[in-house]
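Inspection log for the structure reproduced underneath, given as structure tokens.
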Amino acid sequence: MDLNLTADELQFRDELRSWLACNVPTDWNEWREKPIEESFPYLRAWQRKLQEGRWAAVSWPKEYAGRSATLMQQALFWEEMARVEAPPMANSLGLGLIGPTIIAYGTEAQKQRYIPKILSAEEIWCQGFSEPNAGSDLAGLQTQAVLHGEHYLVNGQKVWTSYGWVGDWCELVVRTDAAAAKHKGLTVLLVDMKSPGVEVRPLRQMTGESEFNELFFRDVRVPAENVLGKVNDGWNVAMSTLMYERGSYGARLHLIFKRYITRLIELARNIQHNGRPAAQDPIIRQKLAQCSAEIEIMRFNQMRAFSRLTATGVPGPEGSIQKIFWSELNQRLQQIAQEILGPYGQLLAGDSRAMDNGMWSYAYLRTRGNTIEAGTSEVQRNIIGHFVLGLPRSY
Ligand SMILES: Cc1cc2nc3c(=O)[nH]c(=O)nc-3n(C[C@H](O)[C@H](O)[C@H](O)COP(=O)(O)OP(=O)(O)OC[C@H]3O[C@@H](n4cnc5c(N)ncnc54)[C@H](O)[C@@H]3O)c2cc1C
């Protein structure tokens with residue numbers, strides 16, 4: 001594949017660069033380590049600004065205020081955002097996963113109703129898929145929706161729902177036909193989180209944050225017009241959301257990881273291990289070099305996946321390959337950081353002795369979830385084993 005940028009790609013990158021130079025907030029470092037509950041209004045405001053410049057959802061079609069960006073342009077977008085250390089956007093699930101699913105499966109009325117407020121971060125979305133007994137085996141979910149006239153009555157429980165605490169709307173997968181085979185009786189509903197009968201409870205993570213929640217639904221009335229796609233075709237709609245989740249995230253990580261490794265190399269030169277700089281320890285050197293090489297491999301894998309997708313138009317198992325690669329690489333990277341920093345690596349934000357304001361302890365703890373969220377490594381390997389290698393299904 002040709003890795004040189006075309007004239008269109010260069011123009012896209014330069015326009016974005018100039019816009020970011022004038023608009024990216026300069027005080028993000030003051031907010032970065034604050035609890036998400038405090039920084040959320042800041043992230044909403046940043047997303048609104050991006051939307052005003054038509055940069056909030058570059059991959060979306062132009063008619064929905066996107067830029068119909070090619071995959072290479074999307075990669076450039078995330079590279080540029082990471083290069084200037086731009087804050088993340090508030091409505092990341094709405095923009096990255098749920099908005100594209102509504103564009104693909106929604107009625108015109110649904111698109112008109114939901115899309116503008118996803119873009120402006122006026123309405124934040126969460127993804128109600130996992131349940132206490134249905135994570136990897138999503139098709140085993142039990143939350144039930146029964147049609148009563150013009151409404152569904154929803155009862156059940158979801159868990160690990162990121163952004164549940166701030167969610168205005170939820171893409172909820174429910175069982176609408178208990179008699180059908182388990183993949184066949186599912187439907188996706190768009191649920192107003194302010195509806196009577198919805199209860200949101202925080203779950204505290206080991207980072208100290210409550211990024212995700214438990215959701216309880218007790219006789220929640222959802223208008224029948226809020227079905228996304230077809231009744232009992234929810235499996236396909238939900239898989240489409242997961243495909244966006246697994247495919248898109250890797251693209252934005254390359255420069256973030258690059259920043260980590262550059263900083264770690266700098267730290268290794270200055271931190272003493274047994275009376276000499278850690279950078280002179282042969283094992284640390286090997287690990288840093290290996291990680292550096294893997295960060296480049298991640299970028300080339302991403303380019304290859306984009307190139308194939310552009311050529312065939314059909315998303316393949318590349319999303320699973322990327323998902324395993326970036327999540328496990330991030331864990332190795334944070335492990336090396338702890339080996340270099342020693343006990344200082346465990347100090348939290350706010351401790352004056354903590355390196356980089358406690359970023360390394362937070363990152364170490366948060367990365368443990370990387371190999372679980374958006375499908376565990378084992379499940380991704382099953383997908384690759386079956387769809388790439390042609391091995392028999394494992395389940
Ligand atoms: C940070 C974070 C954010 C999340 N956000 C959301 C969210 O917003 N919305 C949402 O719906 N969910 C969310 N999740 C949930 C996530 O999707 C599930 O945790 C994940 O799908 C795994 O399901 P589970 O936890 O039920 O584990 P299980 O499915 O019970 O798996 C337990 C173990 O068994 C292994 N296993 C299971 N099946 C197989 C198999 N067939 N072959 C081999 N091994 C297998 C798994 O790999 C795992 O090690 C989030 C999770 C995390 C960590």
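Both counts, for ligands and for their atoms, begin at 1 and track the order of listing. Position 1 is the first residue of the sequence, and the numbers go up from there.
- Side-chain atoms of Thr161 and Asn213 form no donor-acceptor pair, as typed in the model, at a separation below 3.5 Å.
- Between atom 28 (P) of ligand 1 and the options Gly140, Gly135, Cys170, Ser136, the minimum heavy-atom separation is to Ser136.
- Residues Gln51 and Gln47 have side chains that never bring a donor and an acceptor to within less than 3.5 angstrom of each other.
- Taking only nitrogen or oxygen atoms, main chain and side chain alike, Asp137 does not reach within less than 3.5 Å of ligand 1.
- Numbered from 1 in the order shown, with element, the atoms of ligand 1 that lie under 4.0 Å from a heavy atom of Phe129 read 11 (O).
- For Thr101 and Glu171, the side-chain atoms include no donor-acceptor pair closer than 3.5 Å.
- The heavy atom nearest to atom 1 (C) of ligand 1, considering only Glu211, Arg366, Glu378, is found in Arg366.
- Of the heavy atoms in Thr376, only side-chain atoms (C-beta onward) come closer than 4.0 Å to ligand 1.
- Ligand 1 places these atoms under 4.0 Å from at least one heavy atom of Ile372: 19 (O), 20 (C), 53 (C).
- Using a 4.0 Å cut-off between heavy atoms, Asn382 contacts ligand 1 through its side chain alone, with no backbone atom that close.
- Ionic pairing of Lys117 and Asp168 is not present here: no N-O contact between side-chain nitrogen and carboxylate oxygen is shorter than 4.0 angstrom.
- If you look at Tyr163 next to ligand 1, there are no close heavy atoms at all, none under 4.0 Å.
- For Tyr260, the ring pair (Phe, Tyr, Trp, His ring centres under 6.0 Å) test picks out Trp360, with sequence neighbours left out.
- Taking any N or O of Gln127, backbone or side chain, at least one lies under 3.5 Å from an N or O belonging to ligand 1.
- The side-chain contact (heavy atoms from CB on, under 4.5 Å) test applied to Glu108 returns Tyr64, Lys111, Gln112, not counting sequence neighbours.
- One finds no salt bridge joining Lys258 and Glu79 here, because no Lys/Arg side-chain nitrogen approaches an Asp/Glu carboxylate oxygen to under 4.0 Å.
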